[in-house]
Structure formats: C-alpha cells, structure tokens
*Asks:* 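Encoded as structure tokens, here's the structure I'll be asking about.
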Amino acid sequence: MESESSTFESCEIMAALLGSSPLLLQSWTLCAAANAAAPETFSVEVIGDVAFVAFSAVQILPGSGSGRELVALEGDVEELFWPLNRHREELRAPAMADSGILKIFMSIFTHQNLPEKMTKIMEKSKSIVITGHSLGGAAASLCTLWLLSLFHSKTTHHPLLCITFGSPLIGNESLSRAILRERWCGNFCHVVSNHDIMPRLLSTPLSSSLSSQLHVLLRYWHLSLASPQFGKLATQLSDKEKDELFRVVLAHSNTISNSEEESLRSQFWPFGNFFFCSENGAICLDNAISVLKMLYLLLKTSVPNMSIEDHLNYGDYVKKVGVQHMERKNFASERLPNSSYEAGLALALQSSGIPFQDEVARMAENSLRTARRMGQTPNLNAAKLAVSLSKITPYRAEIEWYKASCDEAGDQLGYYDCFKQVNTSVKHARVNMNRHKLATFWNRVINMWENNELPPDFNLRAKWINASHFYKLLVEPLDIAEYYCRGKHIAHGHYLKHGRDRRYEIFDKWWRGSDAADKGNTQRTKYAGLTQDSCFWARLEEAKDMLEIIKCEGDVRKLAPVWRSLENFERYARGLVERKEVSKDVVAKNSSYTLWAQELRALKLNM
C-alpha cells in the first residue's frame, strides 16, 4: 500500500512557524496603517533587510456585485502575467481574474507608478513581503503575481512572500492551476478568520438589491478601518439585510464546496496556503477543494452580525495566534489519537475553533482528510527517483563508452559527427535507444517537479543539478546531430529556436542558479571530458549555413550582418577552444568544426 501524507500536517508546521514569527504581526501592523493613511494606494516600510509593501483595504470596487465578472489575463495585461498563460493548452481555459480587482491593481500600477517605486524598493532591500487587507489583499496577490512574472527569467531575485488578510478569491481554477504549475503557491499565505464573510462574499452571485447592500457594507468597512469613530457614523445594514446577505453567501459556499471539481472550472478558485485563524489558534491548508469546504464550514458556525464584524478583527487574531501556538495542546482522554496522523487531525480541529461535539466538526474532519495528498510524499518521490537514477546509469555509461570510442576512432570524426552520419550498426542503434530511455526518465522528473510532486528545493539539490547537467552535456549533442541528420532544420528551422527540448532549458536554469556554475570557471590544463556548451554544435550548424550564404550572396549590404554573426561565433568558439572548455571531438582532425574553421580561413584569404 502506498504511503500517503497529509497536507494539513505539513501546513500545521507552517502555521506554527508563521504564528511564532514576527511576519504576521508586522504585516498586519503595516496593513492597518495603510488602511488608515493610504486609501486607494499602498505604503512601504523597510525593516532591516525586509521591505514590506502594504496595499490599503480602502479601494473603490468597480462594477456591480451581481455576479462578479472574470476576465482573461490577456490583451493589455498579458505581458504583466505572461508565465500564467504558458500552459493554456493543458489548462483548457485561460487564467482569469476578477475584472474589478484587476482594475484596482492596474489603476495602482499605472497611476501610482508601481514599477518605478518597486525598483527603488528592491534597491533598498534583500527580500520583499507584499501584504494587504480585504480588497488590498486582492491587489497584493496580483502585485505578487506580477513580480513573480517579472522575476521568472532571472537566475537570482529577491525572495518574495505575499500575506493577505480577509482577501476575496480573485480568479478561476485555471489561474490556480497555472500558479501551481509555476510552483508559486508557496509564495502566498492568505489569512482568513473563521467568521469573516469577505473571503466568501465577492465570489457569490448577488441580486441587484444585495449588490447595493454590498457597497453599503464596503463603505462601512472602509470608514471603520480608517477610524472606529467614522465607522459608527456610517450607514449600516439592517439586521434583516445582514441575515439575507449571510444566508445567500452561506448557501453559495455550500453549493460550490459540495460540487464536483469538474463543474467548478468557471468559478472562483483558491490558490496558495490558507491560514484559518480562530480564538484557539490556526490551521493551514493548501488543498483547494479542502479550502473551499472549510470556507463554508467555518462560516456555518458564525452568525450574520459576527460575520461582518470579524472582518475588522484581524489585529486581535494575529496577536493571539503566536500565543496559541506556543501553548501546549492537550487531548481529552476519550479522544486520545491512535497515530501521528490522527494527532495532527485532532490538533487541526482544535485549532479551527470548532467544538468536537458540533455536527460541523465531523464535516470539517472529513474535509481535512480530503486534504491528504494522493500518492507518495514529495521526499519519498525524490528517494524513489534517486533509485531510478541509479538504474539508468548503465544507459548513460554506454553512451560515454560510445563517445570514447568515437573520439579514438581512426577516421578522426569525433562524437558528434560519428552519430550524425547515417549508420545502421548495432552500436549506433543501442546508443539511440539509450538516448530515448534517458529522455523518458528526465521528462518524468520534469513532469513531477512541475506538478509539485517533489520537494520545493529539489532543483537546488546538488545531486540533481549535477546529474541533469551531465546528462545535458552528454546527450544534447546527439539530439542536435539527429535533428540535422534528418533535415528537420530545413522543415522547421534551426535547432536552437525550433528544435530544442524544454527539459534542456529547464536544466540550464537549474545550473545557472546553482553554486556549481561558478566553480566551473577554473583554468583547464587539458580538454574537457564534455563540451561545456551543450548547444555548441547547434551554433556551429548555423555558422555553416552563414558560410554558405556568404559564398552565394552577391549583395555586400546583405552580407554585412551575416559576417558580424559569423565573426561573433568564430570568436566565441575560439575562446572555448583556447580555454579548453570543449571536448577533444570538437578539435578532431575531420570534425565539422575543424573543417568549418579551415573553410572560413580559406574564404578570408581569397577575398
């Protein structure tokens, strides 16, 4: 039987860490200050090396509340969130966000000159916490997604964490899955109090009369956040209106929490970690279906007036959470757990603030059980992959042996050119088969990594960085040889732009982000075992094409950019050879590179 792990057990540890650290309290303190002093914008404070950016909850929400409109992150905003659209075909629907919340963020982005201010913030800090309360929390989430998109192509960047308080859900399931695919869920912590109606409110379709009540409620919250005295003067909903609004939100929460996942593709969908706090402590969940169920069940324990007032009480909860997690929790003798899993479940229920005897407790327990990850735990998956890696070593070793035999062969072609030749030998066929077996293994690794089935630091572990890098240096030249041997460059274009497999690009990123990349910059006394640029031969194939263009083209003006590109590659290749960062197959007597260099020299002499 496969071992299973509970999400909430690991998230309970995260909750304890957040509850006992100053991050939550510092974030809320700045949110409260922004709510009072920075309406419709954000405030910034640097504490040590950490920059806190707090978005005010006091924002004007465009549109009506009768069925919030979801819009695709395309058109004018696509460039800001471009990684979220990379998996569009797999997601079957575009990533979408609430149009009103998106307009709030874009207004701040444009009119408050957010990009320029964020650049200055990064210059003064080493890490960034983006935070916000209520609508400010929703804007903080979009700001974090924008920064993560901005950082996407960078090897190193500021560590980034988003902490929201009482924020509404902002997007659909495709947005949630796209964030999961980008491995960004760990950058988000959404703090939700048990009774707060706001995280459930904006995703609920409202009638026109309830829509007007929503705006009255928002104005009451805004004035109360600016000053409790102002809140007392604000127009408030009647008890009947509160009851009606609460009943509609609760009913909708119940509907979506009990629906099948497939039917919710157009609905609002949670992402990241949800930190549910109560008088008794906090629990943390990252399973979207369990989050939806808990949003319903916890609201079910509330009453209309409390659900509205609780939106203003996050300061009290944040202060209590740290204390609650420092206290030792005891079990009644009749509920002594029989396993560590049951202990985690009981602690989670206790922290949720739901009485054990309550009917909701049984439903919440079932919800928490659904948070269990299906399949192996990430660490166990990594351990099993390590065993699989050892099993494919003979395939890699056989390719290494093939390389050595090619480099020592009498024809002096070298590894790349030997494989590029049309060859029906058994040796060639076995190497080609091993190439495909290794590709299958590494594609499985990438798939598991992208689907969060491996530890968060998997791509930072030296074992996997080195193994993937060695695989890339050894096998990619064979992929390039096969691409050009079959004439795919004629039909599709050159390898670098049209033929390179995505796994190599991912391995490049892993390697560039590791310490090992810097250690390789040492003076060599002999040629490398493997050429240190796995795409060297693809660059050479393009240079060979450029040489043919120069031979055939008579217009000197058209030749100028071709000559520049050719000479750039010549300098690059000569530098690799001089630093001995190439394998000896590159400088073999009859290799493609040696023959190309001779042809280039002859051409220059005859000009």
Side-chain angles (χ1 to χ4, degrees), residues 11 13-38 41-57 105 108-109 112-152 154-167 179 182-192 225 271-275 277 282 284 286 314-315 317-323 325-326 456-457 460 513 515:
C11 287
I13 297 172
M14 180 185 295
L17 175 63
L18 287 172
S20 59
S21 74
L23 277 177
L24 283 180
L25 184 57
Q26 289 173 337
S27 297
W28 174 253
T29 300
L30 292 171
C31 281
N35 291 344
T41 184
F42 61 93
S43 61
V44 179
E45 184 170 336
V46 178
I47 302 175
D49 294 330
V50 182
F52 288 82
V53 181
F55 285 81
S56 174
F105 171 71
I108 296 172
F109 185 89
Q112 302 295 331
N113 205 0
L114 184 60
E116 182 179 334
K117 290 180 180 178
M118 197 58 68
T119 299
K120 294 179 180 178
I121 289 169
M122 287 187 282
E123 291 172 355
K124 299 176 182 178
S125 62
K126 293 183 179 179
S127 57
I128 302 173
V129 175
I130 309 293
T131 188
H133 175 218
S134 192
L135 293 175
S141 291
L142 287 175
C143 179
T144 303
L145 290 174
W146 163 62
L147 285 174
L148 288 169
S149 301
L150 186 68
F151 294 158
H152 189 274
K154 297 183 179 180
T155 303
T156 59
H157 57 76
H158 285 57
L160 186 62
L161 177 64
C162 178
I163 300 176
T164 70
F165 300 89
S167 171
I179 292 169
E182 292 300 326
R183 302 177 66 80
W184 291 348
C185 286
N187 294 90
F188 294 88
C189 175
H190 305 290
V191 182
V192 177
L225 291 169
F271 62 85
N273 298 285
F274 276 71
F275 191 89
C277 56
C284 198
D286 62 2
Y314 281 93
Y317 284 117
V318 167
K319 292 173 184 176
K320 290 177 181 178
V321 162
V323 176
H325 276 277
M326 294 302 290
D457 65 341
L460 303 177
D515 295 334

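The figures that follow rest on heavy atoms only: side chains count, while hydrogens, waters and symmetry mates do not.
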*Asks:* Would you compute the distance between atom CE of Met118 and atom CG of Leu150 and round it to the nearest 0.5 angstrom?
*Replies:*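 Between Met118 CE and Leu150 CG, I get 9.5 Å after rounding to 0.5 Å.
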
*Asks:* On a heavy-atom basis, which atom in Thr131 and which in Phe165 lie closest, and how many Å separate them?
*Replies:* OG1-CE1, 3.5 Å

*Asks:* Short question: side chain of Asn187, backbone of Leu160 - any donor-acceptor pair under 3.5 Å?
*Replies:*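 Pair found, side chain donor or acceptor close to backbone of Leu160.
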
*Asks:* Can you say whether the rings of His190 and Phe274 are parallel (under 30°), tilted (30 to 60°) or perpendicular (over 60°)?
*Replies:* tilted

*Asks:* Check the pair Val191, Tyr317 against side-chain contact (heavy atoms from CB on, under 4.5 Å), reporting the backbone distance first and the verdict last.
*Replies:* CA-CA 10 Å; Val191 182; Tyr317 284 117; over 6 Å; no

*Asks:* Under the rule for salt bridge (Lys or Arg N to Asp or Glu O under 4.0 Å), what residues qualify as partners of Lys117, not counting sequence neighbours?
*Replies:*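 In terms of salt bridge (Lys or Arg N to Asp or Glu O under 4.0 Å), with neighbours along the sequence ignored, Lys117 is linked to no residue.
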
*Asks:* Measuring from atom CE of Met122 to atom OG1 of Thr119, what distance do you get when rounded to the nearest 0.5 angstrom?
*Replies:*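 Reported value, rounded in 0.5 Å steps: 4.5 Å.
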
*Asks:* List in chain and number order the residues that pass side chain to side chain donor-acceptor pair (under 3.5 Å) with Ser141, two or more places apart in sequence or in another chain; answer none if no residue qualifies.
*Replies:*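 Per chain and number, Ser141 pairs via side chain to side chain donor-acceptor pair (under 3.5 Å) with no residue.
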
*Asks:* Write down the atom of Val46, the atom of Gly48, and the distance for their closest heavy-atom approach.
*Replies:* CG1-O, 3.4 Å

*Asks:* State, with a plain yes or no, whether a side-chain heavy atom of Ile130 is found less than 4.5 Å away from one of Phe55.
*Replies:*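 Side-chain contact under 4.5 Å: yes.
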
*Asks:* At their closest point, which heavy atom of Ser43 faces which heavy atom of Leu30, and how far apart are they?
*Replies:*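 Looking at all heavy atoms of both residues, the closest pair is OG-O, 4.2 Å.
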
*Asks:* Indicate yes or no: at least one non-hydrogen side-chain atom of Asn35 is less than 4.5 angstrom from one of Ser56.
*Replies:*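 Answer yes - side chains close enough.
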
*Asks:* Minimum heavy-atom separation for Ala57 to Leu225, with atom names?
*Replies:* CB-CD1, 3.6 Å

*Asks:* Minimum heavy-atom separation for Gly132 to Ala140, with atom names?
*Replies:* N-CB, 4.1 Å

*Asks:* Report the distance from atom NE2 of His133 to atom OG of Ser27, rounding to the nearest 0.5 Å.
*Replies:* 13.0 Å

*Asks:* Determine, step by step, whether Cys143 and Leu114 satisfy the side-chain contact (heavy atoms from CB on, under 4.5 Å) criterion, reporting the C-alpha distance in whole Å, the side-chain angles of both residues, the deciding distance to 0.1 Å, and the verdict.
*Replies:* CA-CA 9 Å; Cys143 179; Leu114 184 60; 4.1 Å; yes

*Asks:* Evaluate the criterion side-chain contact (heavy atoms from CB on, under 4.5 Å) for residue pair Tyr314 and Ser134; output intermediate values, then yes/no.
*Replies:* CA-CA 11 Å; Tyr314 281 93; Ser134 192; over 6 Å; no

*Asks:* For Asn273 and Cys284, which heavy atoms make the closest approach, and how far apart are they?
*Replies:* CB-SG, 3.8 Å

*Asks:* Once the angle between the rings of Phe188 and Phe271 is folded into 0 to 90°, is it parallel (under 30°), tilted (30 to 60°) or perpendicular (over 60°)?
*Replies:* perpendicular

*Asks:* Find out whether Phe52 and Thr29 are in side-chain contact, i.e. whether some heavy atom of one side chain is under 4.5 Å from a heavy atom of the other.
*Replies:* no

*Asks:* Assign the ring pair Phe105 / Trp146 to parallel, tilted or perpendicular, where the plane angle (0 to 90°) is split at 30° and 60°.
*Replies:* tilted

